[in-house]
Participant: 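Got a structure for you, questions after.
Keep in mind it's a predicted model, so treat the numbers as computed, not measured. Sequence lines set the chain letters: A, B, ... in the order given, protein chains first and strands last, and positions in each chain run from 1.
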Protein chains: 2
Amino acid sequence: MEPRLITQLLDQYLQRQSASVKLRIRVYLALRSAILDGELPAGTKLPPTRVLAEDLAIGRNTGVHAYEQLTAEGYIEARVGDGSYVSDAVTRRPKHEAPKRLLGARREGLSRRGGSIANNAGSSIAQRGAFTPGVPDVELFPFHIWRRLVGKYLDVSHAHLLQYAHAGYGPLKVTLANYLRVTRMMPVDPKQVIIINGSHQALDLCARMLADHGDRAWIEDPGYWGARNVLTAAGLQLTPIPLDDKGMAPTPEDWAKPPRLVFVSPSSQYPTGTVLTLERRLELLEQADQAGAWIIEDDYDNELHFSDRPLASLFGLASRQRVIYMGTLSKVMFPGIRLAYLVVPTDLVDAFTIGNAELYRGGRLAEQAALAEFIEEGHFTAHIKRMRGIYGERREVLLDAMQRHLGDTVTTTAGHAGLQLVYRFQQPVDDTMVVAQSLAEGVVCRPLSMYYLDQARRQPGLNLGFAAVPTERIGPAARTLATVIERELQRR
Amino acid sequence: MEPRLITQLLDQYLQRQSASVKLRIRVYLALRSAILDGELPAGTKLPPTRVLAEDLAIGRNTGVHAYEQLTAEGYIEARVGDGSYVSDAVTRRPKHEAPKRLLGARREGLSRRGGSIANNAGSSIAQRGAFTPGVPDVELFPFHIWRRLVGKYLDVSHAHLLQYAHAGYGPLKVTLANYLRVTRMMPVDPKQVIIINGSHQALDLCARMLADHGDRAWIEDPGYWGARNVLTAAGLQLTPIPLDDKGMAPTPEDWAKPPRLVFVSPSSQYPTGTVLTLERRLELLEQADQAGAWIIEDDYDNELHFSDRPLASLFGLASRQRVIYMGTLSKVMFPGIRLAYLVVPTDLVDAFTIGNAELYRGGRLAEQAALAEFIEEGHFTAHIKRMRGIYGERREVLLDAMQRHLGDTVTTTAGHAGLQLVYRFQQPVDDTMVVAQSLAEGVVCRPLSMYYLDQARRQPGLNLGFAAVPTERIGPAARTLATVIERELQRR
């Protein structure tokens, strides 16, 4: 514990004592109580009496006296040439009586929606290794460049970048607008770009600005687990829309009960990698327009495409302002950066800017300035290009290994982009059992069944991330996984 | 525009062309279209043909041919020893036909709650100068220390700090728990500390985990504007509870319709600075316990106390687990850091940890590690101590200047902590008019009336921030403000 915290603690103890007691006794008692209460555990180095005198506004001798008395009584030990320490001889006691427990069970006291959020959690503790899906290889990030740029803006000459922000860092908006115009064929004016602290907040902002409690939202089924919880927590009723090989496939009956929001990942469906066909895209835009629905386009990993060229965005295709585009820097920079962006129709710019400031308050302009420069200097595209090569190789190694070890037992849709591959089983398998067993052998993966909202539609499979695992470990991990799968198949 | 973005753009153009056309013609057409579309405006430096060849997987001569042709036709200019540039001679055209406007008015298409958020916005654009309330002086932040610590953790040896996070950085929780135990007399176990991206998210998390749509929440009136919008956006019905000089003063009739949540700033009410008395605190805890209500204690600026010692927290006083404590680093570090924390009762730790990850996803561990070290090394308390001295001085200067210029025209409650002072008028004044006029003369302040939810209860006054303005400018700004006030008083 650092000296000033100790003197603050002693100050608190001193305040509790009667002023009628002599000061040097009060200082002694404060120290003794703090030690007996366990606030200053055995081995704690006490502040020099000079600091004590200064911080408590007492005479130096008062402190010296208290220390001497406590040393004599065995509470503290003086070490020659070093200082005074709380003695080991003092039995350590519980610091405080624990407050009485109000709640019986863990989740009592939560609201219904709070309980629902907690019970339907999808986020995973694993962040690395074969085959954690959805995460990039952070070890290959160009740290030295990023450190330089972040450091540059953490300077008194850029002090204003430490303040609250409302609309994100202007030059970053310009840079992202240029980037989207070129890579995603999107007609974007910089002011349409809303910088936000991550995709979950971005989706939450859309849900709350555009939909009311009880409104209907469509999600892909299977689909991104995170969207389910965010939309439900915003009070929306979810309708899971099944996929076929052309992507999200709503029926006329679905359109008869039109949604307020459609959450869709057209360029590389999560987790299957399916691409929404042009025909489907045009139909979706047309129907949404008629129904007055808003489309939220989740374009989470389109930078990391392999065999094919990236597809144009749905946003860029829309002739009417019906689409809100959602991009993230989690996959191409690193997940912990917590920066994502929305591109919203011109008419929504003001309301979304205000909503972002009101619901989350902005800030973090220094990082946004660093990011803008990172992109402008070309490090962003260089890093993407490099990682595309590395991930492409890892993807091939995984495809080969799975083919070699499991042959026709599993099939993959092998989407053209992303950080993971979905494999489906050709026979009935309990995929959660496979996942649990492979985890026991050190291989992380996620059951495809967990991505379905409609239980009747669930198909067993595995979502395997190949990005955050060194290439040479992919083969051995796939072999382990194959053994687990074969054991599970034989068991049935 | 950097070369790689240009080649990506050309790639997009190439894809739109028929493969039956010769490649060198296609490259020529792609470049020409990009220039005519305005995607490559006059003066843009084109990539060297070597880069073109590499990125588009074309022969180098193909690029050379296209460039020569375009140069001949006046689209581009070759500058000796430099490269090729898009010619000024090409008329710049609009890049894209603007999408048809779907929405007539700006806020059409929003949900009811979205419209409400946008229409009830309280956040301000001003972030600095006399007398912006609620903001610290970021220019005095110890940049060199912070830069060093942030840089230390942005390193490949700490690559895991770039990943998604679930529960915040462990050592930061330990450090904050120690800090709260000592400075706020709070019995806190580190696991009770939830690190979150700012106070608004922290309050939103409480609202959604603990209350359902339609539940009642109490807020202080006047009170923090931000809480109103966050709680309303979470579907809560707000009941404004008036203040007296002992703080929030609910009546027995209020308790007859008990709330689910009580949002209160007991140690230094925002904006008035009133302290909730011990008697009121005990009554609030007792009644909340009987009613099954949760208390959210907003302890936003208690570090920055002046004449008195800081008061113990409500959380530390509670014998039963009824209080959720909310702390922020916006005032003592800097607003843009976007880090706040909750201390939740033991029984809520798991649910809040999950809720935080599901609703907002965690990350930013490198900054949290830097912050933990910043606190451990003593820079945190040192900075607070320094700023307390500076703000204390500025506060005195403001008090003096207002007394000198306005005498008994205004009175202040002069709270014992914080970054602002609230002045009330002794006669009827339109405070929004005063604010508008003083803004016109370069002095920012906020009308007290805007902090009231209950319009009938509104009292005119001004909230004046003294922290983010250099000491020597306080006097002149107060003089300007006094002139505006006197003019307004005479006008009536």
Participant: Rounded to the nearest 0.5 Å, what's the gap from CD on E367(B) to CZ on R338(A)? Could you check?
Facilitator: 12.0 Å

Participant: Quick one: pull up CD in Q8(A) and OH in Y179(B) and give me the separation to the nearest 0.5 Å.
Facilitator: 6.5 Å

Participant: Check whether N120(B) gets within reach of chain A through its side chain, its backbone, both or neither, counting any heavy atom under 4.5 Å.
Facilitator: backbone

Participant: Would you call K385(A) and D55(B) a salt bridge, taking side-chain N to carboxylate O under 4.0 Å as the test?
Facilitator: yes

Participant: Calculate, to the nearest 0.5 Å, the distance between atoms CD and OG belonging to Q163(B) and S330(A) respectively.
Facilitator: 12.0 Å

Participant: Given heavy-atom pairs under 4.5 angstrom as the criterion, report whether the side chain, backbone, both or neither of I375(A) touches chain B.
Facilitator: backbone

Participant: Pick one of side chain, backbone, both or neither for I337(B), based on which atoms fall under 4.5 Å of a heavy atom in chain A.
Facilitator: backbone

Participant: For chain B, which of E376(A), E139(A), H144(A), R260(A) has the most heavy-atom pairs under 4.5 Å?
Facilitator: R260(A)

Participant: Is the shortest heavy-atom distance from the side chain of Q201(A) to the side chain of L359(B) under 4.5 Å?
Facilitator: no

Participant: Within the 4.5 Å heavy-atom criterion, are L162(A) and F141(B) side-chain neighbours or not?
Facilitator: yes

Participant: Measure distances from V156(A) to the heavy atoms of chain B and classify the residue's part below 4.5 Å as side chain, backbone, both or neither.
Facilitator: both

Participant: Please flag which part of V138(A) lies under 4.5 Å from any non-hydrogen atom of chain B: side chain, backbone, both or neither.
Facilitator: both

Participant: Under 4.5 Å from any heavy atom of chain A, what part of A165(B) do you find: side chain, backbone, both or neither?
Facilitator: neither

Participant: Just how far is it from atom OG of S199(B) to atom OH of Y360(A), taken to the nearest 0.5 Å?
Facilitator: 15.0 Å

Participant: State, with a plain yes or no, whether a side-chain heavy atom of E358(A) is found less than 4.5 Å away from one of V230(B).
Facilitator: no

Participant: Side-chain contact test, heavy atoms from C-beta onward, threshold under 4.5 Å: evaluate it for R364(A) versus R364(B) and give yes or no.
Facilitator: yes

Participant: Any carboxylate oxygen within less than 4.0 angstrom of a Lys/Arg side-chain nitrogen, looking at R208(B) and D204(A)?
Facilitator: yes

Participant: What part of A382(B) gets within 4.5 angstrom of chain A, counting heavy atoms only: side chain, backbone, both, or neither?
Facilitator: neither

Participant: Side chain of W294(A), backbone of L110(B): donor and acceptor closer than 3.5 Å?
Facilitator: no

Participant: First locate atom CG of D155(A), then atom CH2 of W146(B), and finally report the distance between them rounded to the nearest 0.5 Å.
Facilitator: 15.5 Å

Participant: What part of L365(A) is in contact with chain B, defined as an atom under 4.5 angstrom from a non-hydrogen atom: side chain, backbone, both or neither?
Facilitator: neither

Participant: Do you know which of H160(A), H213(A), H158(A) has the most heavy-atom pairs with chain B at a distance under 4.5 angstrom?
Facilitator: H213(A)

Participant: For a quick test of reading the model, state the closest non-hydrogen atom pair linking D212(B) to S111(A) and the distance between them.
Facilitator: OD2-CB, 3.5 Å

Participant: Measure the CD1-CG distance between I145(A) and L154(B) for me, rounded to the nearest 0.5 Å.
Facilitator: 13.0 Å

Participant: Would you mind reporting whether L9(B) and T183(A) have side-chain heavy atoms less than 4.5 Å apart?
Facilitator: no

Participant: Measure R148(B) against the heavy atoms of chain A and call it side chain, backbone, both or neither at under 4.5 Å.
Facilitator: neither

